[in-house]
Amino acid sequence: MPEEILLMDKITKVYPNGFVANKEVTLSVNKGEIHALMGENGAGKSTLMKILFGIEQAEEGHIYIKGQEVKIGNPLEAIAHGVGMVHQHFMLVPSLTVAENVVLGMEPKKNGLFDFEEAVRITQEAVDKYNLKVDPRSKVEDLPVGFKQKVEIIKALVRGAEILILDEPTAVLTPQETKELFVELKNLRDQGHTIVFIGHKLNEIKELCDRMTVLRLGKSVGKANICDITEQEMSRMMVGRDVILKLEKTPAQPKEAVLKVKDLKIVADSGKTIVNDISFSVRKGEILGVAGVEGNGQSQISEAITGLLSYQNGTITVNDVDIKGKKIRQIRELGVSHVSEDRMTYGVAATSGVKDNVISDRYYKKEFNKGLLLDNKKINDLTDRLIKEFLIKCDDRDSAVKMLSGGNMQKVVVAREFSGNPKVVIANQPTRGIDVGATEFIRKRLVELRDEGAAILLISADLNEVLELSDSLIVMNEGKIAAYIPDASAIDDMELGEYMLGVKKQTPEEIARVAYDK
C-alpha cells in the first residue's frame, strides 16, 4: 500500500476582498511519487501551494505531514517540516556563485568568517548525490536557465526537502533541458523524494507524473492515476468541457512585407550586445514565430518594435514608415498592437476597471469624445461588446482588473490589442501562465487576425505553441538568428532545440531569406 506523506484536508482560503481562492480543497500525496497539480489559471493551484509553503495562511482546514498535523506559519517552518519550493521566478542572487546561493542563510563559518570551501563541499555533495550536474564555483549570472533551476532544486534539497513543490518548472526550458530535468526528477523520486508538479502541458504531465489532482474554480474536482487517463480527458477535467488540443488552421496566404527589421543591434546598459545585427520581415497574412531559450534577445526585439526600448543601429519600418524616434502612441497609430510578456507592467493598469483598460489606447480619438467630454455611452457599449466577444469573466465593466484570474486578465489585454484593426501584432508569450481554455481562445484569435490580413510576430517559450501557430519561424541564439524555417510544419521540437542551443546553425544565405526586402 502506498504511504501518504502529505494530506491537505478541506483547505479554504478567502482573501480580504472576499475572493475565495480555495474552497474545501483536499490534496493527498503519496511518498515517493510525482504528483501533478493541475487546473486553469485562477483555479487555486498556486494559492494552495503557497499555503503549504507558509507564504499564505488558510482560514479553514488542516495539513498533515507523515500523519502528524502541522501548523505552517512561514517558509522557514515549511522547510523545517521538509517542504521545499522552487518558484517560477528563481530566487537567486546572480552575482554570487552556485555554492554561495545554496548556503545562503545557513552559511558555514571558519574562525568566525564565511567558509567558502565548505560551501563548495556541501554543494558538491548534493550535486553528486542527486546527479544534478552544476559547478559549485560558477557564478549564477553566467549559467543558462536550466542550470539556474538545478541550483534552486539543490538549495531546497540541502535544506532537507522531502516534499518538493515545482511551479511550472518547464516554462523556460528547451526540449533538451526539459528531458534532462525529467530524468533528474525521476531520479529524485527513486531516491524517496516526493514531488508536487504544477503544470499546464498535458504531454509533459503524461510523461513525468504518477498521479494527478485537478482544481477548478478553487475546488478539487477529481484525481486520477496518469496511466488511466488520456490528455483529452485531463483537459476536460480542467475546464469542464472538451478543448481542441490541436489547432486547425488553413495554410497562410502571405502577401507583401509589412514589418521590416534591418541590421538591428541592441546593446544593454552593461555594454553587452543583446541583439546582434539581425534582419527579418513579417508579411501580411503570416504568423512568423520566434523560438529561442529566453534571454537571447527575443524580448528586446519586441520592445524595440513597440517603442519601449531604444536601439543603437538598424532600421525598423512599418508599411515603409521608419519608427526610429517615434513615441509609443505614434507607433500604435501606424497599426502596431502589442501583447507584452509582462502583462502586469505593460499590459494592464491592475487597479483600474476592465473598461478603462480596454479603451486606454483609443479614449482620445474623436469617435469616443463629445466636445470636451468622453462619450460614455459609446465607451460602455464598446466595453460590453468586447467583454462578451472575448469571453471575459468579470462582475461588470468597472471590475478592477487585479481581481480577475490570469486568463481573464490576458483576455482584457487581447480584447484591447486585437480589436483595433491592427496591421502588425507583436504577441510576446501571449498564453504564458494562463489556463487551457483561455489559451485555446487566444490562439484561435491570432489565426483569425492572420486570416484578416494582419502581420503577426509571435514570440513564445512554449514550443508547441510556436510550432502549431507559426507559418514560418526564426530561431534566436545569443542575440542572432540561428535559423529561418520557411515552413514551420517541416521541423520538429528536437531539431528546433538544437538550433536554440546553438548546436546547429544555418548559413548566412539561408538566414537572409527571411528579410524579404527584394
Side-chain angles (χ1 to χ4, degrees), residues 15-21 40-43 217-218 302 306-308 327-435 437-446 448-449 452 454:
Y15 284 101
N17 56 27
F19 175 69
V20 181
E40 296 195 273
N41 236 63
L217 300 173
S302 78
T306 52
L308 291 168
K327 293 186 169 66
I328 292 170
R329 183 184 284 185
Q330 292 173 310
I331 294 169
R332 293 184 71 90
E333 292 285 355
L334 293 171
V336 178
S337 279
H338 181 209
V339 178
S340 168
E341 66 177 329
D342 185 351
R343 61 175 166 261
M344 296 310 289
T345 304
Y346 297 117
V348 295
T351 54
S352 298
V354 172
K355 176 173 82 173
D356 290 344
N357 274 278
V358 297
I359 65 137
S360 60
D361 66 332
R362 61 197 81 175
Y363 67 90
Y364 60 89
K365 294 184 177 177
K366 246 187 190 155
E367 63 190 289
F368 296 109
N369 285 271
K370 284 198 295 197
L372 294 171
L373 300 172
L374 291 171
D375 187 338
N376 272 314
K377 185 182 182 324
K378 229 175 197 175
I379 288 168
N380 289 343
D381 288 350
L382 170 76
T383 307
D384 291 345
R385 178 171 66 76
L386 292 178
I387 287 171
K388 199 172 168 187
E389 191 183 323
F390 285 83
L391 312 176
I392 299 165
K393 284 184 195 155
C394 58
D395 291 339
D396 56 48
R397 67 175 91 96
D398 294 313
S399 296
V401 166
K402 68 177 181 182
M403 299 305 299
L404 307 184
S405 72
N408 283 299
M409 227 180 252
Q410 192 72 338
K411 284 181 183 174
V412 170
V413 175
V414 299
R416 180 185 66 232
E417 299 302 322
F418 291 3
S419 64
N421 192 25
K423 308 279 188 296
V424 175
V425 178
I426 310 300
N428 191 354
Q429 315 296 352
T431 64
R432 167 173 286 164
I434 64 172
D435 56 81
T439 293
E440 175 199 15
F441 178 82
I442 290 169
R443 288 176 181 173
K444 280 167 82 171
R445 293 307 290 238
L446 279 167
E448 284 169 18
L449 281 172
E452 288 162 14

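Predicted model only: the values in this text are computed from it and were never measured. The basis for the numbers below is simple: all heavy atoms, side chains too, and nothing from hydrogens, waters or symmetry mates.
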Fill in: side-chain contact (heavy atoms from CB on, under 4.5 Å) between His338 and Leu308, intermediate numbers included
CA-CA 11 Å; His338 181 209; Leu308 291 168; 3.6 Å; yes

Quick one: closest heavy-atom pair of [X] and [Y], and the distance?
{"X": "Glu367", "Y": "Lys378", "value": "O-CD, 2.9 Å"}
{"X": "Val401", "Y": "Ala349", "value": "CB-O, 4.2 Å"}
{"X": "Arg362", "Y": "Gly420", "value": "NH2-N, 4.1 Å"}
{"X": "Pro430", "Y": "Leu446", "value": "CG-CD1, 4.3 Å"}
{"X": "Lys402", "Y": "Met409", "value": "CA-CE, 3.9 Å"}
{"X": "Gly307", "Y": "Ile331", "value": "CA-CD1, 3.6 Å"}

Item to complete: Tell me, with the steps shown, if Ile387 and Cys394 meet side-chain contact (heavy atoms from CB on, under 4.5 Å).
Response: CA-CA 8 Å; Ile387 287 171; Cys394 58; 4.0 Å; yes

State the [atom1]-[atom2] distance between [X] and [Y], to the nearest 0.5 angstrom.
{"X": "Arg397", "Y": "Ile359", "atom1": "CZ", "atom2": "CD1", "answer": "11.5 Å"}
{"X": "Met403", "Y": "Asn408", "atom1": "CE", "atom2": "CG", "answer": "12.5 Å"}
{"X": "Phe390", "Y": "Ile442", "atom1": "CZ", "atom2": "CD1", "answer": "9.5 Å"}
{"X": "Leu404", "Y": "Ile392", "atom1": "CG", "atom2": "CD1", "answer": "8.0 Å"}
{"X": "Asn369", "Y": "Asn376", "atom1": "CG", "atom2": "CG", "answer": "10.0 Å"}
{"X": "Phe441", "Y": "Leu391", "atom1": "CZ", "atom2": "CG", "answer": "4.5 Å"}

pair [X]-[Y]: side-chain heavy atoms closer than 4.5 Å:
{"X": "Phe418", "Y": "Glu448", "result": "no"}
{"X": "Leu449", "Y": "Pro422", "result": "yes"}
{"X": "Lys355", "Y": "Asn380", "result": "yes"}
{"X": "Val412", "Y": "Val358", "result": "yes"}

Worksheet item: Taking it one step at a time, do Lys365 and Glu333 satisfy side-chain contact (heavy atoms from CB on, under 4.5 Å)?
Response: CA-CA 11 Å; Lys365 294 184 177 177; Glu333 292 285 355; 4.0 Å; yes

Fill in: Trace of the side-chain contact (heavy atoms from CB on, under 4.5 Å) decision for Ile426 with Val336
CA-CA 7 Å; Ile426 310 300; Val336 178; 4.3 Å; yes

Worksheet item: Charged N to carboxylate O under 4.0 angstrom, Asp381 versus Arg385?
Response: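 No salt bridge links Asp381 with Arg385.
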
Worksheet item: Looking at Arg445 and Glu417, does any basic side-chain N land under 4.0 Å from a carboxylate oxygen?
Response: no

Worksheet item: Donor-acceptor pair, Arg416 side chain versus Asn357 backbone, under 3.5 Å?
Response: yes

